[in-house]
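The block underneath contains the structure these notes are about, expressed in structure tokens.
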Amino acid sequence: ELVFPTLDYRTGPYGPGGIPFADGYADYMTLLQERDGGIGGEPIRLVPCETGYNTERGVECYESTKGEGALVYQPLSTGITYQLIPKATADDIPIHSLGYGRTSAANGEVFSHVFNYPANYWDAASGIVNFLLEENDGDLEGKSIALVYHDSSFGTEPIRTLQMLSEKHGFELSLKAVSPPGNEQRSTWLEVRRERPDFVIMWGWGVQNSVAIQEAVNIRYPMNNFYGAWWSVSENDVIPAGAGADGYRAVMFHGVGSDYPVYDDIQEYVLDAGLAAGAGDQVGTVLYNRGMYAAMLAAEAVRTAQEIHGVSDIDAVMMRDGMEALVIDEARMEALGLPGFGPEFSVSCADHGGPGSSAIAEWDADRQSWTMISDFAEPDKELIDRLVLEDSNAYAAENNIPETRCE
Amino acid sequence: MSPPNDTDSYTTPDGRTIGPVMLEVKNITLRFGGVVAIKDISFDIREGEIRAIIGPNGAGKSSMLNVINGFYHPQEGDILFRGEKRGPMKPFQIAQQGIARTFQNIALFKGMSTLDNIMTGRFTHMKAPVWKQAIWRGEAEREEIENRAFVERIIDFLEIQAIRKTPVGRLPYGLQKRVELGRALAAEPKLLLLDEPMAGMNVEEKEDMSRFILDVNDEFGTTIALIEHDMGVVMDISDRVVVLDYGRKIGDGTPAEVIANPEVIDAYLGVAHD
Amino acid sequence: MLYREAGDYKTSYSDDAQTFPIKLDRWWYYAVTFVAFFVVPFVLTDYTVNAIMLPFLIFSIAALGLNILTGYCGQLSLGTGGFMAVGAYATYKLMTAFPDLNIFFIVIISGVITAAVGVLFGLPSLRIKGFYLAVATLAAQFFLVWLFNKVPWFYNYSASGQINAPERTIFGQAVTGANAEPWVAYLFCLVFVFALAWLTRNLTRGRIGRSWMAIRDMDIAAEIIGVNPLRTKLSAFAVSSFFIGISGALFFSVYLGAAEVGEAFGIQKSFLVLFMVIIGGLGSVFGSFAGAAFMVLLPVFLKLFFVDMLGWPTDIAAHINFLVSGGLIVMFLIVEPHGLAALWRTVKEKLRLWPFPH
Amino acid sequence: MLDTAKADDTLLEVNNIEVIYNHVILVLKGVSLKVPKGGITALLGGNGAGKSTTLKAISGLLASERGEITKGSIQYHGESTQNRSPNDLVRGGIIQVMEGRHCFEHLTIEENLMTGAYTRSAAEAKAGLEMVYTYFPRLRERRKSQAGYTSGGEQQMCAIGRALMSKPETVLLDEPSMGLAPQLVEEIFSIVKNLNEQEGVSFLLAEQNTNVALRYAHYGYILESGRIVMDGDAADLRENPDVKEFYLGVGDEGRKSFRDVRSYRRRKRWLN
Amino acid sequence: MPIWLLNTLEVSINGLMTGVLYSLVALGFVLIFKSSGVFNYAQGVMALFAAQTLVGIQTGQVPFAHLINAITGGHIARFGFDVPSLLAILLTTLVMVVFAWVVVKVIMVRLVNQEPIILFMATIGLAYFMEGFGDLMWGAELKNLDVGLPSGGSFWIEDVTAQWAAQGEDYWGMYVDTLDIWATVIAVFLVAGLTIFAQYTKPGRAMRAVADDHQAALSVGISLNRIWIMVWSIAGFVALVAGIMWGTKSGVQFSLSLIALKALPVLMLGGFTSIPGAIVGGLIIGMGEKLFEFLIGVPFLGGATENWFAYVLALLFLVFRPQGLFGDKIIERV
Ligand SMILES: Nc1ncnc2c1ncn2[C@@H]1O[C@H](COP(=O)(O)OP(=O)(O)OP(=O)(O)O)[C@@H](O)[C@H]1O
Ligand SMILES: Nc1ncnc2c1ncn2[C@@H]1O[C@H](COP(=O)(O)OP(=O)(O)OP(=O)(O)O)[C@@H](O)[C@H]1O
Ligand SMILES: [Mg+2]
Ligand SMILES: [Mg+2]
């Protein structure tokens, strides 16, 4: 039996974002169970646990599920991830924080049990800048970029990277903090309106996103110059602004829409069978896709682990090995019914972060859907690796972790 | 009988010695917006005497006590305590000087037991620093027990042993008044201000209360200023009476003198009192 | 008569002033202490420690602290989360700046630092009262959270803005960090709980406690009988913040191990602790424990019931969780507005008379 | 003269009620009394005897203090009052003046009085206001002040005046004379008498000022520790030696001075 | 006019209007506090619940669909018809009245004469309950609220003010949101109406009496029940108005209830018992926090100061007037 605890949050201030992710994760696992009878013949069991995005609930969820043979944790909250890093490491259970969590966990030397492939926040920031560079013929000199961010540790994540990049490429960066939860952002957007930056990047979450997009529409900021982080891409965030939101762009590390063969299977084996995790109305939304992607990566890691160890009923230690040896290539994605859904990548002992590739998607308000307007491209790897190393070394020093694991 | 000079002592007919002036109220005027609660009033309280303050409702009696213990700040006039003019002081500093009081609308600490309420009266006598209280053993405990013993004497004296541990909020009105008296007594005040201590009591209880007041005055030599509407009580236990009428003073003297004063009869008593 | 005090005579005032004047209570207390120190550590599991015991103990400290301020001194505060953050960040700074300083002292120093901050934010209480003060304490809550988030010095300029508790030991046993044995973490917190509960008891039965209660029940009268209101209120703020700071320090270092100020010490924390205090009983040491236990266990039980037993989807269970906790709180208040402690007292009074109705 | 106003039929009847506070504190242990129509009935007794509790039981205010009637019944006009809310009872004609003033602090004196006329029309309220002001001229002077800032006696007048504003049929007066100047005490009781004789208002008054109370009342009950220990015509009570000594302060040798009270006292006869 | 002045003006005006939006939430608090001495923490959740209900009715959602599906295994979600906005608002008002009735019957009357902090606590319990109840009834996902209120910058104002800048300056004109203008108009009417109601009518007077002393109010024959149901209903309606405004602005989901936290400093500054205070407090807080962010917060403190600055501002006022600007004076007497 393969046990996947899921630390969901379907309630509280971020519930609207947590619901589709949780649905996607669960539905994909259900699909494997129903269609393939599990992974490698081994049945799957999901253990959902509601955290409400609350750190103490997260600890409770972790403690109550880890004894059931949990293979991998998806804490789904940066705060909870941080708490679980030392705990899970001590308990020998891997963590996969997909597009959130501790960015410097990409350094597998220091963080033996934490994985954040295929991309992290710093990759995202760099990805956006790279895209802008491309659009502007490789030159951002003298351009201005405003970062509108959630005034919390999540929101401040890209600042370092962007600052470094602004030095490197000569654009001007201005920082605009939004008081959480972000129901009210008038002063920020008046500022944007006054300063008229060439580009706005938003690191938002929850209600902040929809309010920001609405305000941007109100001040008639050109949507094509407005880029969101990948937690600011939910349909929930753009639909309320109506037609005005057309052209809003966001950075992604996985595909959008439901135009993949796997969705037919999900329809057949999960939705039509009445086994949908939630109301079944989230299929194909961005965050649903992300949840599904997380499940897919977990399942692939299981498969890899099964191959490595030659048993189907793997445990958490084997799972970690599988994750460390994970290879996702186009052929595999094709086989899974998700052709081109994400970047190709492989994980290694030292590199838990993957290539950091991302792509830009654009919102089409008429069709109410996202379209990819770029291919997956690598970020400024050299810069980000430096930052990752710096931060992970500091952690290693504070916690006396020897950095010789992968030699 | 008119009292002698401020600095002299004299002896009352029943043999108590009344000392020189302890507290002098000089030309006090107190206004609240347009309302003049006290208008240019002067009188004095002598060491060891029982001084009654009477007057119709709203005359400014309670306000006078509030002025004396520093809760109200008069616009004009001075208070002299033991001959010295009192500067601007906070009520708790005045309490530390040895002035305690009870209140017209009972102001007990409702959430605390009788014992604790009276113990708060000992506040100014307890000195152990906070950290010693936190440790408890040693000085704090010793001090606590000494003061507890003192308070137990007051409890015995007021005959409220049975309600020692009862939260005062549940007590009937009369007992609450008694506890309040106990709390004031616990401070071992030099001057005790009582605002209608016997309101809401029947004769039997008033007799008890009178006895307590007289005993305190007798045994501890506490000076007492007392507001009361029961003329029987005022006549019987006070040495001198000052009469207020809507902010003015209309009489001052022995009970007998005051009661014969036509202005007082007119303003306050209604009919001549027997 | 299952519960009795008759026949239990006191011959000295110190006997009469002791914490549990009734023999039966005293025995109970000895038994509970014994079990807590010498039995529980042997039966603990990761789950019981991390999901139940640690939060219970740590929140008990916070509840004791808030109870001193709100329950005993009557100053309603909604700044608890902010003050816990002060304790947590102080601990983090001390732990990283002085790696050799014993964690025990670090926790205590964090408490002292929090006390100083508490006094600062307590200053307006001289003029501002009741709900106005409660709302004013939110200024502390929001300001402190903003500050810890905004000034990178507090989180050692780490890229993520999160703080992590490195491993620290006492007598060679890890207390913080992932390698701490459950029983060590438990005992470490228990020692604090025990000592602080004892302090609370001492403080509240003596002069300072009475002056707090006097200010609570009627501040004007208290001042007129000689209580200095500013000193008294500030002392309550100081002691209360000291407790809350310690609970914040333990919350971060022993329990969570990592924290981000907005998530871990947001306004929800303030409400949670206030809940504990009120549900447990204002002005009662026992109530602080009862309230903390109630609020820690309630979600665990509800989850056990709806998810594990009935097998309902977690989100519906979570909604129902809100619904039921809210409903229970209201129900408890209706049954006994003065909290679990008062409920317990009433039960004892009934037991004393039992089997007679009155 | 007092005897002539004697009641013909019973307006309010309290039958053997028992009251418990907070589920455990037994306060009234079987109290029965009757208030005749158009009578003035006095309820006397020491501190904590349960007078206020009795009145609150009648007016339905007990529930708001977590008290409940566990036994017995209360009938008004022959109907049980048990399940009626206080405001319903006020409409039905019973109003209570609570002990300890209970004015609305933040309302002015006049607004306080107006709330008393809550159950009546505007015109009636206006007339009532005039009446109260003629009874208590001091209130007219202070009518614009917030009640919280008036003196104790002024608040007492306000509370009584407020109750009269509802033009009640029966008034439960809890210690009306408390804190009032002697002149006013007489005045209040003459108002009571006036209302009683001219408008037929019935009164049940809990009083400590036994002297005045028994002068104006027709009938009296003496309550001690939650039990009625004695009742009778006011005139008879005044002659009772115990009542004389303990409630009127008149010993065998005439009125005693408060200065000469002995510590030792004779036991009340009804106690043995 | 120089641009910096225009900008400051723009920030101030927007601040004032945001303040009005805060006031809408604060108003509900004031009403309930004034009528019962209850500090109703649930006001924010009431706004959320009202907005959820409104959207639910508008879009013909089946109440408790999730729960029903979980139990029966079915897949119901919608009735399949839409309800026109006005009718939906009416129906929602009705729901809020029923809600008021239940709250009063179940909670308030059983807590008569209790200390304020206990009542406060009960309202927090109520807030939790409603949060769960609302989500269970209508689902926790984000919903779009649209009752046809216009929103977005007003072109007219933009054009007019663009002329104010000095010749040759590049100025876009002033940004004022039409939704805010609507909110201001509605708030002014609400405040005027409620002020008259509370100050000059018999139920208004009774309401204030109840707040002072539950027991005394009972003793003079005021029906706490009636007063409270009335006031909670009005507060429910005010919550609906606030919910519509904020829901239009930011969508309907949990965070909507957190605007209560922005209403608290407004309340504190204006005084818990004053209806006009709610609006004046809102104006001061709104303008104060926006100006502070504009002039000091962003240039010197790294921004996002609004959350705490509102409280600090209110605190400063309180130090000088402990009862807020227009609140009833706290009576201190012995
Ligand atoms: N804080 C205050 N603000 C406004 N007016 C006040 C204040 N305190 C007292 N007053 C007014 O001053 C006058 C005197 O009040 P005070 O309480 O001293 O009367 P009193 O003589 O004690 O009367 P009573 O016998 O009724 O208690 C009253 O008219 C009262 O309304
Ligand atoms: N709310 C309450 N909770 C508990 N006990 C109460 C409560 N109210 C009154 N009691 C108790 O009930 C008893 C009777 O009180 P009550 O107020 O009826 O006496 P009373 O005759 O009116 O006395 P007084 O003349 O002092 O007003 C007292 O012993 C008191 O302690
Ligand atoms: Mg007075
Ligand atoms: Mg009474």
Side-chain angles (χ1 to χ4, degrees), chain C residues 70 74 76 78 123-124 126-147 149-151 218-221 224 267 271 274-275 277-279 282 312-313 315-335 337-339, chain E residues 33 39 41 66-67 70-71 106-107 110-111 114-137 139-140 258 261 264-265 267-268 271-272 301-305 307-315 318-320 322-324 327 330 332-334:
Chain C
T70 303
L76 192 52
L78 290 174
L123 281 173
L126 187 65
R127 277 191 59 78
I128 304 173
K129 290 174 184 163
F131 286 115
Y132 285 98
L133 180 67
V135 178
T137 54
L138 284 175
Q141 169 71 47
F142 286 113
F143 177 74
L144 290 169
V145 166
W146 176 85
L147 185 74
N149 189 43
K150 204 85 217 172
V151 182
M218 193 162 270
D219 52 353
I220 300 172
I224 289 175
I267 184 163
F271 280 115
L274 186 66
F275 261 157
V277 170
I278 297 181
I279 288 285
L282 288 165
W312 284 16
D315 60 332
I316 291 188
H319 298 321
I320 292 188
N321 192 338
F322 268 100
L323 198 124
V324 173
S325 347
L328 274 181
I329 286 163
V330 172
M331 200 190 78
F332 264 114
L333 290 176
I334 289 171
V335 173
H338 298 102
Chain E
F33 192 85
F39 190 88
Y41 181 74
H66 276 33
L67 190 64
I71 294 171
V106 176
I107 304 176
R110 287 164 210 254
L111 287 173
Q114 292 300 337
E115 287 147 55
I117 185 171
I118 305 293
L119 292 160
F120 170 57
M121 199 62 209
T123 64
I124 303 183
L126 175 66
Y128 274 32
F129 180 87
M130 282 182 72
E131 206 180 304
F133 187 77
D135 282 357
L136 210 55
M137 191 160 170
L258 300 180
L261 293 175
L264 295 183
L267 206 60
M268 181 162 122
F272 291 162
L301 298 176
T305 56
N307 273 356
W308 62 265
F309 182 74
Y311 284 94
V312 171
L313 185 66
L315 192 65
L318 279 205
V319 169
F320 296 101
Q323 70 276 28
I330 298 163
E332 298 205 316
R333 274 211 63 183
V334 280

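What's counted below: heavy atoms across the whole structure, side chains too, no hydrogens, waters or symmetry copies. So that the names make sense, note that chain A is the first sequence line, chain B the second, and so on, each numbered from 1. Note that the structure is predicted; figures quoted are calculated from it, not measured.
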Examine whether an atom of C/L328 lies under 4.5 Å from a heavy atom of chain E, and if so say whether it belongs to the side chain, the backbone or both; otherwise answer neither.
-> neither
Which atoms form the tightest heavy-atom contact between C/L333 and E/I118, and what is the distance?
-> CD1-O, 3.7 Å
To the nearest 0.5 Å, how far apart are CG in C/L76 and CZ in E/F39?
-> 9.0 Å
For C/D315, is it the side chain, the backbone, both or neither that has a heavy atom under 4.5 Å from a heavy atom of chain E?
-> side chain
From the list E/A314, E/A127, E/G327, E/G302, the residue making the most non-hydrogen contacts under 4.5 Å with chain C is E/G302
Measuring heavy-atom distances to chain E, does C/L138 have an atom under 4.5 Å in its side chain, in its backbone, in both, or in neither?
-> both
Partner chain C: residue of E/M130, E/Q323, E/E115 with the largest heavy-atom pair count (under 4.5 Å) = E/Q323
Any idea which of C/P337, C/A221, C/G130 has the most non-hydrogen atom pairs under 4.5 angstrom with chain E?
-> C/P337
Are the side chain of C/W312 and the backbone of E/I71 linked by a donor-acceptor contact shorter than 3.5 Å?
-> no
Which one of E/L119, E/V319, E/T123, E/L126 has the most heavy-atom pairs closer than 4.5 Å to chain C?
-> E/V319
Portion of E/A304 that has a non-hydrogen atom of chain C nearer than 4.5 angstrom | both
Is the distance between the ring centroids of C/F275 and E/Y128 under 6.0 Å?
-> yes
Compare every heavy atom of C/V330 with every heavy atom of E/I107, then report the nearest pair and how far apart it is.
-> CG1-CG1, 3.6 Å
Please check if the side chain of C/R127 supplies one atom and the backbone of E/F320 the other of a donor-acceptor pair under 3.5 Å.
-> yes
Could you tell me which of E/L313, E/L261, E/V106 has the largest number of non-hydrogen atom pairs under 4.5 Å with chain C?
-> E/L261
Within the distance-only criterion (no hydrogens, no angle test), does the side chain of E/Y311 pair as donor or acceptor with the backbone N or O of C/A140 below 3.5 angstrom?
-> no
Out of curiosity, C/L78 CG to E/F120 CZ, how far, rounded to the nearest 0.5 Å?
-> 5.0 Å
Could you tell me which portion of C/P313 (side chain, backbone, both or neither) has an atom closer than 4.5 angstrom to a non-hydrogen atom of chain E?
-> side chain
C/L323 versus chain E, heavy atoms under 4.5 Å apart: side chain, backbone, both or neither?
-> both
Which region of C/L282, side chain (C-beta onward) or backbone (N, CA, C, O), has a non-hydrogen atom less than 4.5 Å from a non-hydrogen atom of chain E, or is it both or neither?
-> side chain
Does the side chain of E/L267 come within less than 4.5 Å of C/F131's, by heavy atoms?
-> no
Mind checking whether E/L315 and C/P124 have side chains closer than 4.5 Å, heavy atoms only?
-> yes
Are side-chain heavy atoms of E/I124 and C/I329 found at a separation under 4.5 Å?
-> no
Checking heavy atoms, do the side chain of C/L126, its backbone, both or neither come under 4.5 Å from chain E?
-> neither
Measure distances from E/L301 to the heavy atoms of chain C and classify the residue's part below 4.5 Å as side chain, backbone, both or neither.
-> both
Under 4.5 Å from any heavy atom of chain C - which part of E/T305 = both
Do the side chains of E/L67 and C/H319 get nearer than 4.5 Å, heavy atoms only?
-> no
Is there side-chain contact between C/V135 and E/L318, with heavy atoms separated by less than 4.5 Å?
-> no
Which of the residues E/G303, E/G271, E/P265 is involved in the greatest number of heavy-atom pairs with chain C at under 4.5 angstrom?
-> E/G303
For the atom pair CZ (E/R110) and CE (C/M331), what is the distance rounded to the nearest 0.5 Å?
-> 11.5 Å
